[in-house]
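Working notes, structure below.
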Amino acid sequence: MHVNIYMSERPDFNGASHLAISISPPIPESKRRRMSSHPLSFTPLRRIPTNTLPLPPPPPPSPTSNLHRTPSSRTYIPSHVYKHPSAILLELCTSMKELHQFIPLIIKNGLYSEHLFQTKLVSLFCKFGSLHEAARVFQPIEDKIDELYHTMLKGYARNSSLDDAVSFFCRMRYDGVRPVVYNFTYLLKVCGDNADLRKGKEIHCQLIVNGFASNVFAMTGVVNMYAKCRLVEEAYKMFDRMPERDLVCWNTIISGYAQNGFGKTALELVLRMQEEGKRPDSITIVSILPAVADVGSLRIGRSIHGYSMRAGFESFVNVSTALVDMYSKCGSVGTARLIFDRMTGKTVVSWNSMIDGYVQNGDPGAAMEIFQKMMDEQVEMTNVTVMGALHACADLGDVEQGRFVHKLLDQLELGSDVSVMNSLISMYSKCKRVDIAAEIFENLQHKTLVSWNAMILGYAQNGRINEAIDYFCKMQLQNIKPDSFTMVSVIPALAELSVLPQAKWIHGLVIRTCLDKNVFVATALVDMYAKCGAVHTARKLFDMMDERHVTTWNAMIDGYGTHGLGKAALELFEKMKKEVIKPNEVTFLCVLSACSHSGLVEEGFQYFGSMKKDYGLEPAMDHYGAMVDLLGRANRLNEAWDFIQKMPIEPAISVFGAMLGACRIHKNVELGEKAANRIFDLDPDDGGYHVLLANIYATASMWDKVARVRTTMEKKGIQKTPGWSVVELQNEVHTFYSGTTSHPQAKKIYAFLETLGNRIKAAGYMPDTNSVHDVEDVVKEQLLNSHSEKLAIAFSLLNTSPGTTIHLRKNLRVCGDCHNATKYISLVTKREIIVRDMRRFHHFKDGTCSCGDYW
DNA sequence: CGAGTGACAA
């Protein structure tokens, strides 16, 4: 190392070692340090070093030179002419190790007691992050110059806690050091970074007391501090009061608005700054582009892009990266890619933005390609990269790629990053591997709220409702307060359970945690109440909301639809249009399904047409499926089949599935076979549709064909989804499967069903034995009687007091016989029975059903 | 000496 050689040769320092100090004027009494803790407090404050070398004449001041700043009481030394040797040496230090090597040499040269050296040393220790060593140098110095304090304060502000910085500032004041403006700028920055408003305000006061209230630097710091504490209004007040405002100050207030979600105001301020003759620089652009993304205006984005090009900012990596981000957030991922490809010297942030851009635009495959390319080019990744890649794997549902990224974590030493671990939990959950997600979650050392949320959502989305609710309770036992995300995960799980008391419980909890005003949470509640059969409660909640999202309207419309209240659904849709809420694809899906459940065929067609004509929404597969369902249920099967033939896109399984379902209802074997064949071409192994086809044959007494379907299923090992029904009783959820005998009350239930059977037969019920074959009529009846739905109803009747409404939920569609039987049961027992099946609600009352036998 | 791009869970 050349520096060491230089030192060992004992160079000639030209005697300029302490020029700044030796010619300084005497220290006024008022500035003397209190050194009560030091036994030598009476020693002269500024001793002249004993190893003084002969002084050269002071160099002439040069007006153009970069001035070496010292307090005004001392002489300015142009740095290019003169530099303190210890300063030169220390400037060559690039690491803590080198610094430690230098110190003995400097002590040996007798420079340790020089102020410039001391200050430089403190500064370097701070720079390398060792405040402890900096303080060890600082503490014993007897005659501390102001700069030493300022340097030490800077160190505390940059490396340590805000408390340490502030208390050091107090000590500095106590020691009689006069604060300079950059003491405040550093402190304000820490207050801002910590969002510590209380301390920020104190510093602000101190700043005023010390006469910096009109200083641009200080006040920019104040503006920034308030903005970072989320008080943009206050920040603007300070900004507005400033007598003069430079570019940095404008940038500060603009990014303040942008970062607090006021993109529009930020953009307006850019216009105003230009009116005041300030040209936006690259930092203005980088600050404003996220605001453009926030507003989502491609037009404004393009004009800012144009400005940047004219101003020559294109070559700045950060500007280009911000452009990539802006374009992809405005939905123009192609343009983002063009800019990305043209960039030279991409940073990891650029790569990350491109990956996230593709993920946000629903192209996880392209995101993974970029990720692959990044690995090929050996760009060093960050946790953000990995999170983006995991998100893409999750959207692809590709566990293998997800596992690959997971393995990469250990090499990157990101295995301890909570955010990354949370992304892993989400990825595995979305890839249907909740088991792995749960393992990661259990092993996670410092679980955050987000970890819990990800885990709860994972369970909820994988149908493991009980675990979702379990974890929700567990997290509260660990004193972790749920937020809106938790609620939005757990409420749909309860909606799936369809149990009213639990619904009310979570609603209460939402109110107690003050989350009831959150649109997403409130929407989830509306949806949940509708799915629990309490559609009117849902509507009350809907009406009480101050703010409604499209999804809120969708939930309510769908709620009416599944309850067979087609008219109410359409009225609400019209109201939505009047309130100028733009319906989306999902809205139309809800509307069409509402029409379908209520037999409103003409209305359905009208809305289907309006979708593209009035709203420019291209019908997707599900919309075609809904139309086939609409025609099919209304027994217009031939029209439905024609409709499928005329579809502009290749019909998928769901469309033929709707057709097959309609054929089952209306007992049409010919079209049913056609639809089934198309389904089995597309997916030969679906259990549900095989059963549906078998049922069609059974209804038509085509037993040989029934047998053929059954054989095919057995050969291929296709499983029929077992039917289940659930009811809630005194905070316990009871699940019944067909023919179950394991329930503690099983004997009682079957006995009760027998007497009940006689009662409803007396009222006119005829068991639909047609759909069962090969066995005696008595056995047929027994088979029908063991359907999960009847078991659940019997159980509820046995265990609730007369007059109580019965709610039950089943996974498949209600079968014809159960539907008919339930009508009679509601009549003879004078009970209201609400059944939620796979598709809709059935309200049984006084011998009729709300679906009007139309399901 | 003050300003600045990406960011986990719906």
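So you know, we letter chains A, B, ... as the sequences are listed, proteins then strands, and number each from 1.
A straight line from CZ of A:Phe313 to P of B:dT5 spans 16 Å, rounded to a whole angstrom. Between the NZ atom of A:Lys447 and the C1' atom of B:dC8 there is a distance of 17 Å, given to the nearest Å. Going from atom CD of A:Gln360 over to atom C1' of B:dC8 covers 13 Å, rounded to whole Å. A:Asn251 has its CG atom 5 Å from the C1' atom of B:dA3, to the nearest Å. Spacing between atom CG of A:Leu289 and atom P of B:dG6 amounts to 9 Å, rounded to whole angstrom units. Between the NE2 atom of A:His204 and the P atom of B:dG2 there is a distance of 17 Å, rounded to whole Å. Look at OH on A:Tyr428: it is 18 Å from C1' on B:dA9, rounded to the nearest Å. One interatomic measurement links the two molecules: CZ of A:Phe184 to C1' of B:dA3, which rounds to 20 Å at whole-angstrom precision.
When distances run from any side-chain atom of A:Val488 to the nucleotides B:dA10, B:dA3, B:dA9, the shortest one goes to B:dA10. In this structure, the nucleotide among B:dA9, B:dA7, B:dG2 sitting nearest to the side chain of A:Val384 is B:dA7. Side-chain proximity of A:Asp325 to the nucleotides B:dT5, B:dC8, B:dA3 is greatest for B:dT5. The side chain of A:Thr382 sits closest to B:dG6 out of B:dG6, B:dA9, B:dA3. Of the candidate nucleotides B:dC8, B:dT5, B:dA9, B:dC8 has the atom lying nearest to any side-chain atom of A:Met387. Closest to the side chain of A:Gln461, from the set B:dG6, B:dA10, B:dG2, is B:dA10. Listed nucleotides: B:dA9, B:dA3, B:dG4. Nearest to the side chain of A:Val286: B:dG4. The side chain of A:Thr252 has B:dA3 as its nearest neighbour among B:dG6, B:dA3, B:dG4. Side-chain atoms of A:Lys329 lie closest to B:dG6 of the nucleotides B:dG2, B:dG4, B:dG6.
Within a 6.0 Å radius of CD in A:Glu268, more than 12 heavy atoms belonging to other residues, nucleotides or ligands are found. Surrounding CD of A:Glu233 are at most 12 heavy atoms belonging to other residues, nucleotides or ligands under 6.0 Å away.
Nucleic acid contact class of A:Lys189 (heavy atoms, under 4.0 Å, all strands): sugar-phosphate only. Among the heavy atoms of the strands lying under 4.0 Å from A:Asp281 is at least one base atom, whether or not backbone atoms are also near. Among the atoms of the strands shown, only primed sugar atoms or phosphate atoms (P, OP1, OP2) are found under 4.0 Å from some heavy atom of A:Ser287. At a threshold of 4.0 angstrom between heavy atoms, the contacts of A:Val222 with the nucleic acid are absent. Nucleic acid contact class of A:Asp356 (heavy atoms, under 4.0 Å, all strands): sugar-phosphate only. Among the atoms of the strands shown, base atoms are found under 4.0 Å from some heavy atom of A:Ser419.
Residue-nucleotide stacking is not present for A:Phe485 and B:dA10, judged by a side-chain ring centre under 5.5 Å from the six-membered base ring centre and planes under 30° apart.
When the side-chain nitrogen and oxygen atoms of A:Gln259 are compared with OP1 and OP2 of B:dG4, one or more of them lie within a distance under 4.0 Å. Considering only side-chain N and O atoms, A:His391 lies under 4.0 angstrom from the phosphate OP1 or OP2 of B:dA9. For B:dG2, neither phosphate oxygen OP1 nor OP2 lies less than 4.0 angstrom from any side-chain nitrogen or oxygen of A:Lys228.
With hydrogens and angles ignored, a donor-acceptor pair closer than 3.5 Å exists between the side chain of A:Thr220 and the base of B:dG2. For A:Asp246 against B:dG2, a side-chain-to-base donor-acceptor contact under 3.5 Å is present.
Cation-pi contact between A:Lys474 and A:Tyr471: present, with separation from the ring centre below 6.0 Å and deviation from the ring axis of at most 45°. By the 6.0 Å and 45° rule, A:Lys346 stacks over the aromatic ring of A:Phe340.
A pairwise comparison of heavy atoms in A:Glu314 and A:Arg342 identifies OE2-NH2, 4.2 Å as the closest pair.
Listed by first and then second residue, the side-chain hydrogen bond (donor to acceptor under 3.5 Å, both in side chains) pairs involving residues 287-298 of chain A amount to none (not counting sequence neighbours).
In this model, a donor atom of one side chain and an acceptor atom of the other lie less than 3.5 Å apart for A:Asn584 and A:Thr587.
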